[in-house]
Amino acid sequence: MIQQCKPLSLGLAIAACFSTPTFAQTDNTQEQVIITAARQAQVAKDVLADNVVITAEQIQRAGATSIVDLLQQQRGIEISRTGGAGSVSSVFIRGAANAQSVVFVDGVRIGSSTTGGATWSSIPLSQIERIEIVYGPLSSLYGADAMGGVIQLFTKKSGPQSRTSLNFGLGSNNLRKFEAGVFGSSANDFQYSLNTAKESTDGFSASKPASGPFTYNADKDGYTQKSFNGNLSWKLNPDLTVGVNFVQSTLDVDFDAGATQRDFGVQKFDNVATFVRGKLAQNWNSSLQFSRNTDRVFTDASYGKSNADTMQRGWTWQNDVSFGKDVLQFVAEKREEDVRTTTAALNGKRDTQSYALAYVMKQDAHLASLSARMDDSSQYGRHNTGSIAYGYKLSDALRVNASYGTSFRAPTFNELYYPYYGIPSNKPELGKNTEVGVFYDDSSLQLSAVYYQNKITDLLVYAEKKDCPTGFNFGCAANINKGTLSGLTMGVSTRLGAWNLRTTMDIQDPTDDTTGKRLARRAQRHASFGVDYRSNDLTVGIESVVSGDRFDDAANKNRLGGYGIVNLVTTYKIASDWSLLARWNNVANKDYELARNYRTPGSNFYLGLSYGYR
């Protein structure tokens, strides 16, 4: 790990040298605004929760194939994946499991109620123009499962001017991408956007021979994904807007489950929300949203056919009342989960009614927030959560923070009802998080350093037979362990003339306190580094991701070695509306694993042409 972190150490040293306030301003002179941290728009400098925003420009220049690839480069985030883009993926925020974080698309909660967490492979990056990551417990704002953090994805929408966009791309393993969109508005305050995309690849063989005869197959594991996104909104008067957002994706992906046949899956992601936003008084903004999300997974494999479908329906009524710079918020919402699978014992529903109250204060150098929430589930009962945060501005650019918050994760349908595994009496996991941080932002240099400690009780783990009820001969899911997610997460970004530099580092200790073992597939150190140079219409950049070793299992017997990969990316503006992107990933063709006995992409290349990008 020491050798792998040399590029990072160099990056931090360079960033330290850049820590004077005399650099050129960034291209975007407007202040960054974040919505997810407090369920309301806030200027980034006033947001108390630790966060990262990935803008449309950053997504465009990254040239990433999947959302998971893009998230892997962000601080506080690790990933696991059983192959390339399109394969089963998990995202760990500050060491929290995939099911211990919440994902939203345009304000709609998504994910699977059987396995827990988002089905990342089914979410099309081609339909996303902005990503907000908020770290730490947010159950007091968003309810169950927001223990490690919240990620919100915003789909492509129209701006004040009409435009058309086209994107074409070709890459290694016969990767082919196409995207087309129209975006516009009328004089009558009607805005619209429609975007469609398709991408496919032959892929590579995901499994290795060591995975065994019931998994290994030497065939290539490719995928085809088709997606569509739209947004329609009408401003009926200065104080009232109505609209609808929708996104749909179908992913047909191959995977390995033995050498006897082609094993494949079809994942369907469907998200729709209708909303009304308006003013009930001069200082009172109110919004009402009705939403539906479906997460469908069908598999046809050598071991048989199966499907697992989750449908979530709900409504949210939010009210924000301003008192000068302060805001009082009240939220009432209901979420219905409906599970239908080929395993009859899993089929069922649960409803959760929730009420939340929050107050955000901004008075001179003092910033504070206080929130509390009650979630009442028809399945696992009532749970109360809360959080308190305080920040003090030592100057306009420098701020210190401290916060405390509680959270919980609801047991999945698998952990409750799967035959000879789930136990209906399983309880939610409970979390208590404390953190302190320092933040600096003078528009030229951005720096953050946050130490956190999240203590989790009633941790749901795979327990041995002796800890399970009678009749569970092969183990079960049970609330028998405790865990601690602690660490230091740091980020630095700066600009000097035509040069942009960014670097992150996470030093963490995600531990199962009952066993003393490290949590599976999580490293104690991981980092990223990037630098790019812009000259007129040409931008050239290099980026790297490094990680220490991990263990593939809870017993810490199967070690996954540390790794470091380097990527090169170049963009060139051919004309006012045309741009070219070239990306070379894993330049050194590093052989590493994110899951035991599964390959990751070797050295690969992508070339894309875009028209109408704004």
Side-chain angles (χ1 to χ4, degrees), residues 37 47-52 74-78 91-102 133-142 144-151 367-373 383-392 399-409 428-439 447-461 479-491 504-527 547-548 550-551 554 556:
V47 175
L48 291 174
D50 191 16
N51 66 83
V52 166
Q74 310 306 315
R75 63 183 172 86
I77 290 186
E78 298 173 273
V91 172
F92 308 129
I93 304 178
R94 285 187 178 178
N98 193 66
Q100 292 174 322
S101 297
V102 176
I133 307 167
V134 182
Y135 303 91
L138 277 84
S139 284
S140 60
L141 291 176
Y142 294 106
D145 310 332
M147 301 184 81
V150 171
I151 297 177
L367 304 170
S369 66
L370 181 68
S371 59
R373 180 178 172 117
H383 282 267
N384 300 319
T385 52
S387 70
I388 184 170
Y390 173 75
Y392 182 76
R399 187 185 79 231
V400 291
N401 276 15
S403 66
Y404 173 80
T406 60
S407 61
F408 74 101
R409 178 180 81 84
E429 299 175 342
L430 303 177
K432 296 180 179 180
N433 182 81
T434 304
E435 63 184 75
V436 293
V438 57
F439 301 86
L447 180 149
S448 67
V450 178
Y451 175 79
Y452 60 90
Q453 184 180 76
N454 198 350
K455 305 289 288 187
I456 300 175
T457 56
D458 291 325
L459 187 65
L460 278 160
V461 298
N479 299 102
I480 61 172
N481 287 16
K482 298 181 179 180
T484 299
L485 310 175
S486 61
L488 176 65
T489 179
M490 299 173 286
T504 73
M505 185 170 186
D506 283 86
I507 304 170
Q508 61 182 21
D509 188 19
T511 303
D512 183 327
D513 293 336
T514 303
T515 65
K517 304 295 185 181
R518 197 192 315 169
L519 296 176
R521 297 183 181 177
R522 274 150 276 192
Q524 290 183 316
R525 290 174 176 80
H526 58 94
S547 173
R550 292 137 293 129
F551 293 98
N556 289 185

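Computed from a prediction, not measured in an experiment: that's the story for all the values here. All values below come from the heavy atoms of this structure, side chains included, with hydrogens, waters and symmetry mates left out.
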Check your understanding: Are any side-chain N or O atoms of Y135 and backbone N or O atoms of R75, one a donor and one an acceptor, separated by less than 3.5 Å?
Key -> yes

Practice item. For R94 and G76, indicate whether the former's side chain and the latter's backbone hold a donor-acceptor pair under 3.5 Å. Key: no

Review point. With a 4.5 Å limit on heavy-atom distance, are the side chains of I456 and Q100 in contact?
Key: yes

Point to revise | Residue pair L430 / F408: nearest heavy atoms and the distance that separates them | key: CD2-CB, 3.9 Å

Exercise for review: Calculate, to the nearest 0.5 Å, the distance between atoms OG and CE belonging to S407 and M147 respectively.
Suggested key: 4.0 Å

Review point. T484: what forms a side-chain hydrogen bond (donor to acceptor under 3.5 Å, both in side chains) with it, not counting sequence neighbours?
Key: K455, D513

Practice item. With sequence neighbours excluded, tell me which residues meet salt bridge (Lys or Arg N to Asp or Glu O under 4.0 Å) with R521. Key: D552

**Study point:** Full working for side chain to side chain contact (heavy atoms under 4.5 Å, CB included) between N433 and E435
**Key:** CA-CA 7 Å; N433 182 81; E435 63 184 75; 3.0 Å; yes

Study note, to complete from the structure: For D145 and V102 the tightest heavy-atom approach is C-CG2, 3.6 Å

Revision key, fill the gap. Those residues at least two apart in sequence (or on a different chain) that pass side-chain hydrogen bond (donor to acceptor under 3.5 Å, both in side chains) with N454 are none

Point to revise | Partner residues of Y142 under the ring-ring contact (aromatic ring centres under 6.0 Å, His included) criterion, sequence neighbours left out | key: F104

Practice item. Could I get the full list of salt bridge (Lys or Arg N to Asp or Glu O under 4.0 Å) partners for D512, not counting sequence neighbours? Key: none

Study note, to complete from the structure: Heavy-atom nearest pair, V436 first then A402, reads CG1-CB, 4.1 Å

Check your understanding: What are the two closest heavy atoms between Y404 and T434, and how far apart are they?
Key -> CD1-OG1, 3.4 Å

**Study point:** Set of ring-ring contact (aromatic ring centres under 6.0 Å, His included) partners for Y451, sequence neighbours left out
**Key:** none

Review point. When you check the gap from the basic side-chain N to the acidic O, do E429 and K482 get nearer than 4.0 Å?
Key: no

**Study point:** Rounded distance [0.5 Å steps], CG in N479 versus CG in L459
**Key:** 8.5 Å

Exercise for review: Output the distance between atom CZ (R522) and atom CG (D509), rounded to the nearest 0.5 Å.
Suggested key: 12.0 Å

Review point. Who pairs with N401 by side-chain hydrogen bond (donor to acceptor under 3.5 Å, both in side chains), at least two apart in sequence or on another chain?
Key: R399

Practice item. Go through the structure and list residues passing side-chain hydrogen bond (donor to acceptor under 3.5 Å, both in side chains) with S387, not counting sequence neighbours. Key: S140, S371

Review point. Salt-bridged, R409 to D458, with N to O below 4.0 Å?
Key: no

Check your understanding: Are L519 and L485 close enough, and set up right, to give a side chain to side chain contact (heavy atoms under 4.5 Å, CB included), and what steps lead you there?
Key -> CA-CA 9 Å; L519 296 176; L485 310 175; 3.6 Å; yes

Practice item. For N556 and R518, indicate whether the former's side chain and the latter's backbone hold a donor-acceptor pair under 3.5 Å. Key: yes

Check your understanding: For A372, which residues count as a side chain to side chain contact (heavy atoms under 4.5 Å, CB included) partner, sequence neighbours excluded?
Key -> none

Review point. Can F439 and V450 be said to form a side chain to side chain contact (heavy atoms under 4.5 Å, CB included), step by step?
Key: CA-CA 8 Å; F439 301 86; V450 178; 3.6 Å; yes

**Study point:** Partners meeting side chain to side chain contact (heavy atoms under 4.5 Å, CB included) with N98 (sequence neighbours left out)
**Key:** S90, V91, W120

Review point. With sequence neighbours excluded, what pairs up with S101 under the side chain to side chain contact (heavy atoms under 4.5 Å, CB included) test?
Key: I93, A96

Exercise for review: Would you please name every residue forming a side chain to side chain contact (heavy atoms under 4.5 Å, CB included) with A389, sequence neighbours left out?
Suggested key: L48, S369, S403

Exercise for review: Give the minimum heavy-atom separation between A523 and G548, together with the two atoms involved.
Suggested key: CB-O, 3.7 Å

**Study point:** side chain to side chain contact (heavy atoms under 4.5 Å, CB included) partner of T489, chosen from D506, T504, I507, I77
**Key:** D506

Review point. Any idea which heavy atoms bring L138 and G136 closest together, and the distance?
Key: CD1-O, 2.9 Å

Exercise for review: Drop me the distance from R525's CZ to Q508's CD, to the nearest 0.5 angstrom.
Suggested key: 10.0 Å

Check your understanding: Hey, what do you get for CE (M505) to NE2 (H526), rounding to the nearest 0.5 Å?
Key -> 9.5 Å

